[in-house]
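For reference, the structure is listed below as structure tokens.
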Amino acid sequence: MRFTSLVIELIRARPRLIVWIAVLLQAAMWLFVALAFYRSPPGNLATLLAFGREYQVGTDLGPPLAVWLADIAYRAAGGHMLGVYVLAELCEIATFIALYHLSRAVVGSQQAVLAVLLSMTVLAFSSSALDFGPLILARPLWALLLLHSWQIIGQRRGNAWFGWSIEAGLLLLTTPAAIFLLLLIVVFAVSTAGGRRTLRGLDPLFALIVVAVLALPYAVWLERAETLTLPALPQTAELSARALHAAWLLGGLVLGAAAIPALTFLNTGMFAGKGEEPPIIYRPPVEPLARNFVYFFAFALPLGAVLISGLLGLDSVVGGPGAVLIMSGLAVVVAAGDLIAMRRARMLRMVWAAAVAAPAAGVVLAVLFLPWTGANEIATSMPARAISDFFDESFARRTNHRLRAVAGETQLASLIALHSGRPHLFIDAEPARTPWMNQTKFSETGGVVVWRASDTAGTPPPEILKRFPGIVPEVPRAFEWLVTGRQQLLRIGWAIVRPKGA
């Protein structure tokens with residue numbers, strides 16, 4: 001005990017405790033970054049919340065579950081983004097805990113800890129931790145699906161069908177990639193004797209009924225959607241460009257998982273000290289079906305996702321990097337053997353901690369130092385609360401009415417829609433995206449039209465003048481960034497469309 005790392009002994013004696021400590025520390029780190037350095041939501045989260053307050057069965061953002069949950073979390077936190085950030089971190093925690101239980105069923109408790117710790121480095125680099133949306137919500141649902149799929153196929157536990165059916169239905173309500181993910185599970189089940197055995201009974205039929213009932217409302221919306229467009233298959237002349245795009249996507253996945261081969265290389269005998277007797281993390285032998293299960297979803301899933309994304313010309317991997325790479329850590333642990341020697345444990349801990357903390361540190365450094373370089377603006381440094389308060393109060397003072405809608409530049413309009421009054425978002429450039437609002441209704445209810453001001457007069461862009469020909473621009477309003485640096489102030493041009501009868 002005197003010569004063995006305390007962390008190694010805890011992995012041996014209290015593996016679940018180590019997993020919970022690591023997962024909760026990572027969640028606390030990202031929540032601190034959000035509260036200290038985010039003045040506006042990251043990515044498209046503000047637009048997601050603007051869509052969520054409408055509670056549509058379907059939108060161009062995809063199935064509705066993530067959109068609804070984001071709005072519920074936002075309202076539960078009293079109109080504060082903390083609720084959505086906590087929801088995102090709860091999804092991360094649920095993902096790793098489900099992965100731990102799956103790994104424990106395959107390689108035992110001790111090596112399951114290593115699988116989770118390796119997977120944490122992958123998810124840290126491959127995708128955002130706070131930009132809640134379908135890709136974030138799909139992770140825990142997919143991890144739970146894999147867990148229950150193994151319990152059904154590998155452990156012959158019939159009671160897992162109920163949880164499997166609920167998770168499959170919810171995944172269909174979360175991401176369009178759910179069909180591809182579920183199809184992979186069916187392919188594995190049909191291609192193995194253990195999987196075919198589980199399909200001979202009534203349990204799969206009952207599960208299919210539950211999945212169909214859960215997904216029925218969105219399926220009906222898809223059938224009736226007039227504006228829905230599917231990606232087109234490439235022409236023969238485009239195949240080379242699509243293949244190159246797929247190669248770039250595959251390279252991005254490999255880069256996101258780069259910490260795993262780095263840690264594996266550092267744990268080789270090359271870095272072992274002379275006379276060192278490294279502690280051993282052991283496991284019971286892995287049965288062949290379990291090994292095939294892990295390898296199939298660790299390799300077939302990302303390769304299939306890259307192939308489909310490249311063929312359809314999608315900007316990102318189908319299902320998101322966090323979901324398609326979730327089994328990579330477990331696959332490395334399975335391939336490592338029954339006995340894993342932990343050489344230079346202190347160095348491994350430092351490299352692992354750096355890999356997990358590097359994305360958060362990068363966010364902080366970008367927020368603090370990038371504005372001084374005069375480079376591109378940091379979207380999360382916009383003062384969202386000050387912007388929404390100003391335009392809500394200005395509209396109320398001018399018209400004696402509550403602000404009911406906001407239009408113009410989508411990013412700015414989405415921030416204003418975060419106000420406690422929750423005005424409707426109207427994407428006037430693409431009105432089909434916001435079916436709850438149109439030009440006629442916007443003219444009746446009134447609202448605010450906003451844009452980036454390019455001069456001191458606040459002249460509207462030509463496209464906004466074309467859609468709102470009668471607006472009179474007000475004096476632009478300037479807002480300070482979280483760190484202004486060498487950047488110009490954020491100047492927002494605006495105009496009021498008065499309600500009819502006001």
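In this chain, residues are counted from 1 in sequence order.
With rounding to the nearest 0.5 angstrom, the CE atom of M120 is 10.5 Å from the CG atom of L99. How far NZ of K466 is from CD of E463: 10.0 Å, rounded to the nearest 0.5 Å. Here the straight-line distance linking atom CH2 of W221 with atom OG1 of T59 works out to 6.5 Å at 0.5 Å rounding. Atoms OG1 and CH2, on T484 and W372 in that order, are 8.0 Å from each other to the nearest 0.5 Å. The OG1 atom of T410 lies 4.5 Å from the CD1 atom of I427; values are rounded to the nearest 0.5 Å. Note: H401 NE2 to T445 OG1 = 10.5 Å, rounded to the nearest 0.5 Å.
Taking the six-membered ring for Trp and the full ring otherwise, the centers of F188 and W150 sit at least 6.0 Å from each other.
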Compile the donor-acceptor pairs under 3.5 Å between side chains in residues 163-180 and protein atoms, sequence neighbours left out, one pair per line.
unit_1, atom_1, unit_2, atom_2, d
W164, NE1, S149, OG, 2.9
S165, OG, W161, O, 3.3
S165, OG, F162, O, 2.7
E167, OE1, H148, ND1, 2.8
E167, OE2, H148, ND1, 2.8
T174, OG1, L170, O, 2.7
T175, OG1, A177, N, 3.1

Please report, to 0.1 Å, the donor-acceptor pairs under 3.5 Å made by any side chain of residues 386-395, with sequence neighbours excluded.
unit_1, atom_1, unit_2, atom_2, d
S388, OG, A384, O, 3.1
S388, OG, R385, O, 3.0
D389, OD1, H419, NE2, 3.0
S394, OG, F390, O, 2.7

When the side chains of residues 298-322 are checked against the rest of the protein, which donor-acceptor pairs come out under 3.5 Å, sequence neighbours left out?
unit_1, atom_1, unit_2, atom_2, d
S309, OG, A305, O, 2.7
S309, OG, S316, O, 3.4
S309, OG, V318, N, 2.8

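No side-chain donor-acceptor contact under 3.5 Å links W436 to the backbone of E54. Looking only at distances, a side-chain donor or acceptor of Y74 sits under 3.5 Å from a matching main-chain atom of L418. Distance alone, capped at 3.5 Å, is enough to place a donor-acceptor pair between the S40 side chain and the A379 backbone. In this structure, R398 contributes its side chain and I496 its backbone to no donor-acceptor pair below 3.5 Å. W481 places no side-chain N or O within 3.5 Å of a backbone atom of P383 that could act as its donor or acceptor partner.
Looking only at side-chain heavy atoms (C-beta outward), T399 and P499 come within less than 4.5 Å of each other. For the pair L118/S328, no side-chain contact is recorded, criterion being any heavy-atom separation below 4.5 Å from C-beta on. When side chains are defined from C-beta on, V356 counts as touching T121, because their heavy atoms get closer than 4.5 Å. Side-chain contact between L146 and F293 is present, with at least one heavy-atom pair separated by less than 4.5 Å. Between F96 and Q26 there is a side-chain heavy-atom pair separated by less than 4.5 Å. Proximity of F51 to T434: side-chain heavy atoms (C-beta onward) are separated by under 4.5 Å at one or more points. Within the 4.5 Å cutoff, side-chain heavy atoms of R75 are placed close to those of D71. Taking 4.5 Å as the limit, every side-chain heavy atom of D131 sits out of range of all side-chain heavy atoms of I136.
Every pair passing ring pair (Phe, Tyr, Trp, His ring centres under 6.0 Å) that includes a residue from residues 438-467 is listed here, sequence neighbours excluded: F426-F442, F442-F468. Contacts classified as salt bridge (charged side-chain N to carboxylate O under 4.0 Å, His left out) and involving residues 423-443 (residues at least two apart or in different chains) are given here: D60-R433, D428-R467, E430-R433.
Q56 and W68 make their closest contact through O-NE1, 3.1 Å (heavy atoms, listed as atom of the first residue, atom of the second, distance). V84 and A70 get closest at one heavy-atom pair: CG2-O, 3.8 Å. Pairing each heavy atom of C91 with each of F132, the nearest pair is SG-CE1, 3.8 Å. Of all the heavy atoms in P140 and A94, the pair that sits closest is CB-CB, 3.8 Å. Here the closest non-hydrogen pair linking L45 and L130 is CD2-O, 3.9 Å. Contact detail for M327 and V294: the closest heavy-atom pair is CE-CA, 3.9 Å.
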Chi angles and distances behind the side chain to side chain contact (heavy atoms under 4.5 Å, CB included) call for L489, E480: CA-CA 6 Å; L489 293 176; E480 291 187 353; 3.7 Å; yes
Worked check of side chain to side chain contact (heavy atoms under 4.5 Å, CB included) between V186 and L182: CA-CA 6 Å; V186 174; L182 294 175; 5.6 Å; no
Pair L90-V86, side chain to side chain contact (heavy atoms under 4.5 Å, CB included): steps then yes or no: CA-CA 6 Å; L90 288 177; V86 169; 4.1 Å; yes
Check against side chain to side chain contact (heavy atoms under 4.5 Å, CB included), L330 and S119: CA-CA 8 Å; L330 180 56; S119 299; 5.7 Å; no
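Remark: E409 pairs with R452 by the salt bridge (Lys or Arg N to Asp or Glu O under 4.0 Å) rule, at least two apart or across chains.
No more than 12 heavy atoms of other residues, nucleotides or ligands shown are found within 6.0 angstrom of CZ on R404. Taking a 6.0 Å sphere around OH of Y55, one finds it holds more than 12 heavy atoms contributed by other residues, nucleotides or ligands.
Below 30°, between 30° and 60°, or above 60°: for Y85 and Y38 the angle between ring planes is above 60°, a perpendicular geometry.
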